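This report refers to the structure that appears directly beneath it.
Atoms within a ligand are numbered from 1 in the order they appear, just like the ligands themselves. Please read all numbers here as calculations on a predicted model, not as lab measurements.
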Amino acid sequence: MTGSRVLSNIEKYAKYGANDNGGVTRPSFSEADLEIRKLFIQDLKELGLSIVIDGAGNIWGNLKGSGLKRGSIVIGSHLDSVPNGGKYDGPLGVLMAIEIIQTLKENHILLDHDIEIVSFTAEESNDFNLPTFGSRSFAGKLTVDRLQHVQDSRGFLLSDALKKVGGGLEKYSFMTELRQDKKAFLELHIEQGKRLESHHLPVAIVDHIVGTYRSHIKVTGEANHCGTTMMDLRKDALTAASEMILAVERYCQNPNHGVVGTVGRLNVIPNAANIIPGQVDFVLELRGETEENIQNALSFLQEKWNDIAYRRKIDIQQAPFLNQKPVNLDTDIRKTLQDAAEQLKIPYMNLSSMAVHDAAHMATITKSAMLFVRSIDGKSHCPEEYSTPEDIEAARKIILEAVIKLDSLLE
Ligand SMILES: [Zn+2]
């Protein structure tokens, strides 16, 4: 099968940042990242593509079309990984783009649009605290003003890191120009969940990407002696916080509410065995399929938490710091993907993405869509991350067909 080149490339790229656990540690701007960028650029050159590195260090490879239509159809994802991550999250989408261009060239198919590959910088959470950095920058959501003093935990400036990868804040203004000619963006990604597996399906067409809401919560009670303060006189911030967190869980457990909620970080003050906790800080995270789902969850929690505060005589303060709206992916491209799958007799389903991807930001500047490929056991961000050659081949066929269709459909 032609797609086996994708598989051998996945193995080849996974050597960069490979660790002893069989996993991959390749954050952006690391040594492994610098090395893989060289390899990627070399591979793009061998394909005969012209290469641009933008201000954010995103790498673009362009194959000229017939010139009958303006602009390009872009396929891509990211090459960075989480610490001890897997081989597929990110590289699958980038290496599939290489495969599609190779196939077009071998079959002497000249598109009317240009076709482009992109590898976005720092999609994963990173030391600069700027996940989906490359696509957010490209979409114009991160400005030079905001970025010029950003440092990592060791005090290194982001602006210096960008220079190491061929980007730089002085190149940010050119991205406005580069944005103009992107006609469509298509990202192939592993599902990172078990929904496809439970439906016994190889691929899914993503209809929207969930919104994410995060808020710092401060629960203030009263620290006191744990022996001499009787139970009915306590203002225990931790037992109050526990009740609040369980309310989040109970609400989100109802599948009709369309949200998932997590408290993954908790800080107990003073955190001593013999003192009643006087303060608890935690971060509430909600992800919802629609803005309304998130707002409904917040109103419910507001009421529940007020009640807890009243009963337990504690104070609750909230400071929201992230409110990313859900993103609807483009109906025309989704339809094109569906038509391609049906024509090829490949079974699929429509799914929402519960994780944020580069496509969420690209969707704000051009028609964008995503295809998910089944993750075995739903595993991701770990060395066990795996998708079968058969499923990857199904995705390859759909994307190839969809790109050809899009070329004639788009202006
Ligand atoms: Zn990813």
Side-chain angles (χ1 to χ4, degrees), residues 6 9-10 13-14 16-18 23-30 32-33 36-37 40 56-59 74-99 117-139 141 185-197 203-206 208-212 287 324 326-327 329 351-363 368-387 391-392 395-396 399:
V6 180
N9 266 337
I10 282 175
Y13 277 61
Y16 292 75
V24 175
T25 299
R26 198 173 53 230
S28 276
F29 313 113
S30 63
D33 178 51
I36 209 169
R37 282 170 180 269
F40 181 56
N58 301 319
I59 303 171
V74 184
I75 321 174
S77 193
H78 59 96
L79 288 175
D80 65 314
S81 83
V82 294
N84 198 30
K87 300 172 183 173
Y88 297 82
D89 180 346
L92 177 64
V94 177
L95 300 173
M96 185 60 81
I98 289 188
E99 173 63 32
I117 294 183
V118 63
S119 171
F120 287 113
T121 301
E123 192 272 347
E124 302 288 3
S125 293
N126 52 68
D127 205 14
F128 290 107
N129 229 340
L130 291 167
T132 57
F133 165 76
S135 52
R136 271 202 282 169
S137 294
F138 191 74
K141 296 179 180 178
F185 175 67
L186 196 51
E187 181 171 9
L188 171 68
H189 204 277
I190 56 166
E191 185 207 344
Q192 307 180 272
K194 286 188 175 180
R195 292 174 295 173
L196 277 173
E197 205 172 53
V203 291
I205 294 158
V206 181
H208 53 263
I209 298 176
V210 289
T212 309
R287 293 183 186 211
Q324 225 158 223
V327 176
L329 294 173
L351 270 185
S352 57
S353 169
M354 300 306 284
V356 176
H357 295 285
D358 291 316
H361 302 295
M362 287 301 281
S368 300
M370 285 192 85
L371 188 70
F372 273 167
V373 67
R374 170 165 46 189
S375 294
I376 300 306
D377 253 349
K379 289 202 166 131
S380 77
H381 286 186
C382 59
E384 292 77 27
E385 191 176 274
Y386 182 64
S387 293
D391 290 353
I392 291 173
R396 184 190 74 83
I399 291 178

Provide the protein N, O or S atoms situated under 2.8 Å from the Zn ion (ligand 1); waters are not included. H78 NE2, D89 OD1, H189 NE2
Residues D358, H78; criterion side-chain hydrogen bond (donor to acceptor under 3.5 Å, both in side chains); working and verdict: CA-CA 8 Å; D358 291 316; H78 59 96; 5.2 Å; no
I'd like to check the ring-ring contact (aromatic ring centres under 6.0 Å, His included) partners of F40; sequence neighbours left out, ordered by chain and number. none
Any residue meeting ring-ring contact (aromatic ring centres under 6.0 Å, His included) with F372, in chain and number order, not counting sequence neighbours: H357
Set out, in order, the CA-CA distance, both residues' side-chain angles and the distance that settles ring-ring contact (aromatic ring centres under 6.0 Å, His included) for F29 and F128, then state yes or no. CA-CA 11 Å; F29 313 113; F128 290 107; 5.7 Å; yes
Does R26 come within less than 4.0 Å of D80, counting only side-chain N to carboxylate O? no
Residue list, salt bridge (Lys or Arg N to Asp or Glu O under 4.0 Å) with D127, at least two apart or on another chain: none
